[in-house]
Amino acid sequence: MVKSENIPVEIEREARNLRKELNYHIYRYYSLDDPVISDSEYDQLFRKLKEIEETCPGLITPDSPTQRVGPPPAEGFRHVRHRGVMLSLDNAFNENELRAFAHRVARGLGEGAGEVEYVCELKMDGTAVALTYENGYLTRGATRGDGEVGEDITSSLRTVNAIPLQLIADEAPELIEVAGEVYLPDESFSSLNKLRLEKGEDPFANPRNAAAGSLRQLDPAVTAGRNLSMVTFAMAYSTDPVPETQWELLSYLGDLGFRTGRNSRKVSSIDEAFEFCMEWAVRRDGLDYEIDGVVIKVNSRRQQEILGATSKSPRWAIAWKFPPEEKTTTVVDIQVGVGRTGTLTPVAVLEPVRIAGSTVSHATLHNEDEAKRKDVRVGDTVLVHKAGDVIPEIVKVIKGKRKGNENPFEMPKYCPACGSLAERVEGEAATRCTNIACPAQTFERILHFAGRGAMDIEGMGDVTVSELLSRGFISDVGDIFSLEPQQLYELPGFKDKSVENLMGAIELARKRPLWRLLHGLGVRHVGSHMAKAITSRYHSIDDLLRANGEELLEIDGVGPRIAESVVFFFSRQENKLVIDKLRSAGVNLTDESIEQDADLLNGRSFVLTGTLEGFSREEATGLIEKFGGRVTSSVSGKTDYVLAGAGPGSKLEKARSLGVKIISEGEFREMIER
Ligand code: IVH
């Protein structure tokens, strides 16, 4: 603390007392869920401290509750070594596996150990972190990483109210490292995803990803807005004696100021532990956060030490995993979609149900064989879960609920989009529309071509593509570059500005690097990664038109399937015609680095703030301009990115209030190092 001579001692004392008082109330509220003052009383105390700190900035200390949101870490997330290895846990998926664990424990402890006491804790479905406190102050917070080395995310963790900035115990140990789980309550997860959808961003698949993603934000203000919480359950290192049992450790952690699991229980046999698991398999629905199991730990630390650990996990603990959540619902319809390659995909439309934190209304049936194997019919009652906790899947049909009027699903013989014959390819699971000019395929192909990962034509989304197709203005990707402004004016809602924007976006796309074009053309089995590999060897479309399978096979990662697909694509007459159209429209068909560079940032506007590590402002400006971007001095609604370095100024605030995307130096590097 920088102390200025002329601050009266009483003010200094008052600030100290206010800090202590406020930190205590944060502990009551966030760690104990048991506040002892009202929110407005809290706010009053907070304001008082804030006022003092504003008049005497010398009194600001890092543990002040006003200082939770600080600047982004200057060097990004550094790697740090944990003081105690953060082990992972073995899993038990059924009663037998749990009993096998208890047998191993009994054997490990030897004859005469008697019944072993266990502590059962809920297994929070979040992300593991380690917190370091020196003389009572939070000095470091890190991700688990590989268990030995994690990333320093102190600036993000400081914003989590359930993490004390200063321990509340009067006699804090000199140094401790505690481990726990940061998680996102269900309600915060839902509102976060709603907001993301509104902003056109992808929603997080589950609260666990959302928690991990929120902590990896370089800007602590973003993390602060996420309403994360944390429970602590282990002491990885301490300079003080540590309690003799896990049960006492939990209350010790509570006394230090941490939030610990509300629903832990000490039990005196594995039978009781199993009952705890059964009980929570049912009660978990009533919690306002996600758990994915129960952790069962040998209570006595002496016994834990006898049992020891393997390189990965302790022998004294096990994670009982709940079976994935399943719900029943009804099949309202089975629709068949047509993809970019003409593949027909049956999808079951479901009566919406909530499963593991999100609403499910569709489940893919993949292909004819899968649909037949599952025998899903319209009107069926089905059991649904999320595969890998993410993708909705029909587990089985509850056949006993059939009324008898449900008809088996038949893969259509004709394409649902164009009515052409649909064929099952020999040796493949896929059924494909045989019409290369099928409008559904054309639509998907154009959408893919214009998409972000490929030619990145901003403003060419599904509505515009479908309008252009239905008017006959385009019939394949080759026509995009011959569109005229007069044609765009005919599209619903298109005015001067939108016409100008789309024409501009198309113009920019004319100069995209070759790999983007190759990816955009939609050669089967050639994604962006493969397109980059191929264009590192073939520097023009003309070279690719002449490529033979053997040469292609020499490229790292290219196998016979890909080689064959590339040769096939470039031998087809209709594809050659598209390439001719692209050529006459002046689209870049070669790989010349100058052209690649110039369009990378695509006219996007940047504002710089704070100090950058890797380059001076002039260098950063030079790079942005070299890659086709612009640098402006002030933030407005038109700014695309604010590139924030250490100690950013008011521009960061402005960007935040306008919802302008804020990027770190690392993210900027990623943008230009494609
Ligand atoms: S104990 C050696 N207790 O589950 C101690 N872990 O699958 C190891 N987890 O990495 C951890 N709740 O991130 C423990 N009450 C709890 C837990 C818990 C969630 C997570 C933790 C760990 C993972 C292992």
Side-chain angles (χ1 to χ4, degrees), residues 31 82-93 97-98 101 105 118-131 141-151 153 157 160 162-163 176-185 206-212 215 228-238 242-243 245-254 258-267 273 276-277 280 283-284 287 289-301 303-322 324 389:
S31 294
H82 301 303
R83 286 193 177 72
V85 181
M86 291 179 80
L87 293 171
S88 152
L89 293 174
D90 271 345
N91 295 321
F93 292 98
E97 289 177 8
L98 183 65
F101 160 72
V105 167
Y118 294 99
V119 171
C120 304
E121 297 168 21
L122 299 186
K123 186 167 186 300
M124 311 300 295
D125 199 6
T127 183
V129 303
L131 305 173
T143 61
R144 176 174 181 277
D146 64 4
E148 288 182 34
V149 173
E151 280 183 309
I153 50 163
L157 288 171
V160 178
I163 296 178
I176 55 168
E177 205 157 289
V178 298
E181 194 90 346
V182 170
Y183 65 95
L184 192 63
N206 52 44
R208 179 179 359 120
N209 290 2
L215 286 180
L228 295 162
S229 189
M230 174 173 180
V231 293
T232 327
F233 43 68
M235 180 75 79
Y237 182 88
S238 178
V242 178
T245 64
Q246 173 69 13
W247 190 245
E248 286 159 337
L249 174 70
L250 292 177
S251 55
Y252 174 62
L253 288 168
F258 296 104
R259 185 185 177 91
T260 53
R262 276 309 99 91
N263 300 293
S264 309
R265 186 184 298 163
K266 186 170 71 166
V267 299
F276 184 90
C277 297
W280 280 98
R283 288 179 68 186
R284 65 190 289 213
L287 293 170
Y289 47 82
E290 296 294 316
I291 58 172
D292 60 345
V294 168
V295 182
I296 298 151
K297 303 174 181 174
V298 168
N299 189 29
S300 149
R301 234 169 32 98
Q303 291 184 330
Q304 291 180 2
E305 275 156 18
I306 296 173
L307 291 162
T310 67
S311 61
K312 283 207 289 289
S313 44
R315 293 197 188 85
W316 47 265
I318 195 143
W320 165 272
K321 292 298 258 305
F322 293 134
D389 276 352

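Quick caveat, the model's predicted, so the values are computed rather than measured. All ligand and atom numbering here is 1-based and tracks the order in the structure. Quick note: numbers below take in every heavy atom, side chains included, and nothing from hydrogens, waters or symmetry partners.
- At least one cation-pi condition fails for R284 and W280: the charged atom is not both under 6.0 angstrom from the six-membered ring centre and inside a 45 degree cone around its axis.
- Backbone and side-chain nitrogen or oxygen atoms of M124 are examined, and one is located within less than 3.5 angstrom of a nitrogen or oxygen of ligand 1.
- The residues K297 and E121 are annotated as salt-bridged, a charged nitrogen and a carboxylate oxygen being separated by less than 4.0 angstrom.
- Proximity of E121 to ligand 1, defined as any heavy-atom pair under 4.0 Å, is confined to the side chain (atoms from C-beta onward).
- Looking at ligand 1, you won't find any N or O of S88 less than 3.5 Å from one of its N or O atoms.
- Of all the atoms in ligand 1, the ones that sit under 4.0 Å from a non-hydrogen atom of L122 are 12 (N), 15 (N).
- Put simply, SG on C120 and CG on N299 are 10.0 Å apart, with the number rounded to the nearest 0.5 Å.
- The heavy-atom pair separating M235 from V242 by the smallest distance is CG-CG2, 4.1 Å.
- Distances from ligand 1 to the non-hydrogen atoms of P314 include at least one value under 4.0 Å.
- Taking distance alone, with nitrogen or oxygen atoms compared against 3.5 Å, E181 approaches ligand 1 more closely than that limit.
- Using a 4.5 Å heavy-atom cutoff, the side chains of F322 and I291 are in contact.
- Proximity of K297 to ligand 1, defined as any heavy-atom pair under 4.0 Å, is confined to the side chain (atoms from C-beta onward).
- Of the protein's heavy atoms, F233 CE2, 3.3 Å lies nearest to atom 17 (C) of ligand 1.
- Looking at L89 against ligand 1, both its backbone and its side chain come within 4.0 Å, counting heavy atoms.
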Test side-chain contact (heavy atoms from CB on, under 4.5 Å) on L122 and Y289; report intermediate values, then the result. CA-CA 11 Å; L122 299 186; Y289 47 82; 4.0 Å; yes
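- Annotation for F258 and L131: closest pair CE2-CD1, 4.1 Å, computed over non-hydrogen atoms.
- Of the candidates I296, V294, V295, K123 forms a side-chain contact (heavy atoms from CB on, under 4.5 Å) with just one, namely V295.
- Distance remark: protein heavy atom present below 4.0 angstrom from atom 19 (C) of ligand 1.
- In this structure, N91 does not count as a contact residue of ligand 1, since none of its heavy atoms falls inside 4.0 Å of the ligand.
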